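No experiment lies behind these values; they were computed from the predicted model shown.
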Amino acid sequence: MNRHKLRLAFYVRFLSIALTILLLGQSVAWGHGGVSVEDDLCVMRIGSYRAHFTGYQPEKRATQEFCEDIPIVGHAIFVLDFMSDELRNMEVDFRIIKDVNEIGNTATLADLGTQQDIEAATIFYAPPKRYPTGTISLDFSFTEEGRYIGIVTATSPDAGAIPPSVFPFAVGLFPISRFIVPVVVILVLAGGLFAFLMSRAMRRS
C-alpha cells in the first residue's frame, strides 16, 4: 500500500469515527438551565437537593422520554422522582410560565422579574404540597408552540425556602442549535477528504 492509499485510509477511518461519535452524541438529550444529564439521568437540582426529571407525551410519542424540550404541542406528563430523601419532608410546588421576555436557555430566577411578573406569565401551577412517596406526577396540555420556563420550589420546615430550580424548555420547536456544531464538523471533515482526493487526482493527471 503506497503513501497516498495510507492517507486515504486514514481520512476515511477518521471521518467514520467522527461521524459515529457525533451520531451517538445526538442520541442524548443534553439538559440546560436547572436540569442536567448525569449518568444517563435527567437530574434537576433544587438548591443542594436533587430529583430525577422525566417528561412524556404518551398519546403522541408512546413511552419516549425527554428531559426538557417537548417535541410536539399537546398533552405532556412531568414526573419528578426525589433523589434526595430530604425533599419528601418538604412542601414542593411546580410552576410553568410563558417565556414572555424571550430569555431563552440562560434564564435564571433573577431574569423573571417580580413575583407579580411571574404570576402574570404563569400558565400552570401546582401549589405547595408534601410528597412522602418521593414522586410528583403532573399533567398539562400545551396549546401553542414556543418557549417556556419551569420553576420548582421546595420549602424546608427547618430552613425555609430552598433556592428554586429554573429550567427553560421549548415546545414544538425544532432544536436546530443542537445540530449546528455536528453539521459544521461533518462539512469540515468532508471538505478535507474532498481536498485530499482532488490533490491526489491532480498528481495523477
Side-chain angles (χ1 to χ4, degrees), residues 25-47 49-100 102-109 112 118-155 161-178:
Q26 289 305 308
S27 65
V28 180
W30 297 105
H32 45 72
V35 177
S36 61
V37 176
E38 299 179 10
D39 299 327
D40 295 328
L41 295 177
C42 302
V43 177
M44 170 181 292
R45 294 188 177 276
I46 309 170
Y49 306 105
R50 303 193 307 165
H52 177 208
F53 177 88
T54 312
Y56 303 92
Q57 286 192 297
E59 291 89 349
K60 298 182 178 181
R61 290 298 178 97
T63 59
Q64 179 183 354
E65 300 180 359
F66 54 86
C67 277
E68 288 181 310
D69 294 341
I70 300 174
I72 302 172
V73 173
H75 177 230
I77 298 174
F78 301 94
V79 179
L80 277 71
D81 292 307
F82 298 155
M83 301 173 68
S84 301
D85 289 338
E86 295 88 343
L87 291 170
R88 296 170 182 255
N89 298 318
M90 300 183 190
E91 291 193 334
V92 179
D93 63 41
F94 186 96
R95 183 188 301 268
I96 300 174
I97 69 172
K98 183 77 174 175
D99 187 2
V100 293
E102 299 183 354
I103 304 169
N105 291 345
T106 61
T108 65
L109 185 64
L112 306 183
I118 293 175
E119 292 178 358
T122 296
I123 60 171
F124 173 81
Y125 182 62
K129 179 181 175 180
R130 289 190 180 183
Y131 297 88
T133 62
T135 298
I136 303 176
S137 181
L138 302 167
D139 294 53
F140 182 72
S141 293
F142 292 90
T143 59
E144 59 181 351
E145 66 180 29
R147 301 205 64 85
Y148 298 84
I149 300 172
I151 307 172
V152 178
T153 304
T155 303
I162 305 298
S165 177
V166 177
F167 58 101
F169 63 95
V171 175
L173 299 180
F174 182 73
I176 190 170
S177 61
R178 295 182 181 177

> So which of Phe124, Phe167, Phe94, Phe140 actually passes ring-ring contact (aromatic ring centres under 6.0 Å, His included) with Phe78?
Replying inline: Phe94

> Is any side-chain heavy atom of Gln57 less than 4.5 Å from a side-chain heavy atom of Phe66?
Replying inline: yes

>> Side chains of Asn105 and Arg147, heavy atoms from C-beta outward: is any pair under 4.5 Å?
In response: yes

>> Within the 4.5 Å heavy-atom criterion, are Thr143 and Ile123 side-chain neighbours or not?
In response: no

> What are the two closest heavy atoms between Asp81 and Val79, and how far apart are they?
Replying inline: OD2-CG1, 4.0 Å

> Looking only at heavy atoms, what is the nearest atom pair of Lys98 and Glu145, with distance?
Replying inline: NZ-O, 3.7 Å

> Looking at side-chain heavy atoms only, is the closest gap between Ile77 and Ser137 below 4.5 Å?
Replying inline: yes

> Under 4.5 Å between any side-chain heavy atoms of Leu80 and Tyr131, yes or no?
Replying inline: no

> Do the side chains of Pro164 and Leu109 get nearer than 4.5 Å, heavy atoms only?
Replying inline: yes

> Around Lys129, counting heavy atoms of other residues, nucleotides and ligands shown, do more than 12 lie under 6.0 Å from its NZ?
Replying inline: no

>> To the nearest 0.5 Å, what is the distance between CD1 on Ile162 and CG on Leu87?
In response: 8.5 Å

> Are side-chain heavy atoms of Phe169 and Asp69 found at a separation under 4.5 Å?
Replying inline: yes

